[in-house]
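Only one structure is covered here, and it is reproduced in the block below.
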Amino acid sequence: MNYCIPFDQIDLKSVPEVGGKNASLGELYQNLIPKGIMVPNGFATTANAYREFIYKNKIEGPLAEILGELDTNEFSNLSYVGQTARELFLNTHFPGSIKQSILSAFHDLERSIGPGLRVAVRSSATAEDLPTASFAGRMESYLNIGGEEQLLEAVRLCYGSLFTDRAIKYRFDMGFHKLPVAISVGVQQMVRSDKASSGVAFTIDPDSGFQNSIIINSSWGLGENVVQGRVTPDEWMVFKPTLFSDSFNPVLKSQCGAKENTMVYVDNSESL
């Protein structure tokens, strides 16, 4: 069974295997690299890896039991249910085949990039970024991860983050609580956003659904502050029909955000 898939073998048809986020990353990598746009390379663990992890560690039953105790009317015990569910992952281990697959994919990526590789490790649910729902910001991401031990721990924590309070509540709100939602984990080369800025671009207005606009949000440093809503980013609204026009300015709106904080990563925290 294949537990890891490199980005150059992932496309939008891979959503059931790697979730919406990783499927989109695969599409970006395959379609933009030939055009000279440097998308950082990486790989994704599969939903099957998560299901095998749950099965081998015998926590599927306990997870179902604790989630069954959730007060679905007032959600009064949401914090207790979420914490108890996540704690089930603390004493788990990686089955040999999954561990070997993850480390093999990591070392392949390291050989292609160079020694000392640092990666971003992100959650990607199989029900994520659907037309009617988005799990963005409801599960965990881990940045500046290096080495085998840190990588495996970050993947384990991503698995457990399928049961953050926000993720549990959102699944109930969207009617996903009875669906067998699994989680994939994306492992991607880190870039030096401390030298510039980063953010998010939407090819459709996420608030109104207007299809002729592109919404771009950006802030100094790593993009996690933007994704988590910790800063007010700069924002641009671009009108697609006039994007390449010589007569009309495609920028409908530009707004300077406060950008209250900047997130960077360093090799030695004492240097801060």
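Atom set for the values below is all heavy atoms of this structure, side chains included, hydrogens, waters and symmetry mates excluded.
- Side-chain atoms of Ser184 and Asn22 form a donor-acceptor pair, as typed in the model, at a separation below 3.5 Å.
- The pair Lys169-Asp173 meets the salt-bridge criterion, with a side-chain N (NZ, NE, NH1 or NH2) lying under 4.0 Å from an Asp/Glu carboxylate O.
- Using cut-offs of 30° and 60° on the angle between ring planes, the pair Phe172 and Phe75 is perpendicular.
- Applying the salt bridge (Lys or Arg N to Asp or Glu O under 4.0 Å) test to Lys253 and every residue at least two apart in sequence or in another chain returns Glu235.
- Remark: the backbone N or O of Lys21 is not paired with any side-chain donor or acceptor of Arg122 at under 3.5 angstrom.
- Counting heavy atoms from C-beta on, the side chains of Ile183 and Tyr159 come closer than 4.5 Å.
- Taking hydrophobic clusters as Ile, Leu, Val, Met, Phe, Trp and Tyr residues chained together by side-chain heavy-atom distances below 4.5 Å, Leu157 shares a cluster with Ile59.
- Residues Glu27 and Lys13 fail the side-chain proximity criterion, which asks for heavy atoms closer than 4.5 Å.
- Counted within 6.0 Å of OH on Tyr80, heavy atoms from surrounding residues, nucleotides or ligands total 12 or fewer; the atom is thus considered open.
- Looking at Pro233 and Ser218, their side chains never come closer than 4.5 Å, going by heavy atoms from C-beta outward.
- With Thr262 contributing its side chain and Gly221 its backbone, the two residues share no donor-acceptor pair below 3.5 Å.
- By the 4.5 Å heavy-atom criterion applied to side chains, Glu52 and Ile98 are counted as neighbours.
- In Asn91, the CG atom is not crowded: 12 or fewer heavy atoms of neighbouring residues, nucleotides or ligands sit closer than 6.0 Å.
- Between the side chain of Asn57 and the backbone N or O of His93, at least one donor-acceptor pair lies under 3.5 Å.
- Not a single donor-acceptor pair under 3.5 Å links the side chain of Ser219 to the backbone N or O of Lys259.
- In terms of modelled atom types and a separation under 3.5 Å, the side chain of Ser245 and the main chain of Phe248 share a donor-acceptor contact.
- With Asp71 contributing its side chain and Glu74 its backbone, the two residues share a donor-acceptor pair below 3.5 Å.
- Panel note: side chain Ser198, backbone Gly223; a donor-acceptor pair is recorded below 3.5 Å.
- Residues passing the side chain to side chain donor-acceptor pair (under 3.5 Å) test with Ser112, sequence neighbours excluded: none.
- Between the side chain of Thr45 and the backbone N or O of Val185, at least one donor-acceptor pair lies under 3.5 Å.
- More than 12 heavy atoms of other residues, nucleotides or ligands shown are found within 6.0 angstrom of CD on Glu69.
- Note: Tyr50 and Phe89 have parallel aromatic rings, judged against thresholds of 30 and 60 degrees for the angle between ring planes.
- Remark: side-chain polar atoms of Ser24 are paired, donor with acceptor, to backbone N or O of Gly20 under 3.5 angstrom.
- Although no hydrogens or angles enter the test, the distance criterion places a donor-acceptor pair under 3.5 Å between the side chain of Glu260 and the main chain of Thr232.
- Within the structure, the salt bridge (charged side-chain N to carboxylate O under 4.0 Å, His left out) test picks out the following pairs touching residues 87-113 (sequence neighbours left out): Asp108-Arg111.
- Other residues, nucleotides and ligands contribute only 12 or fewer heavy atoms inside 6.0 Å of the CD atom of Glu60.
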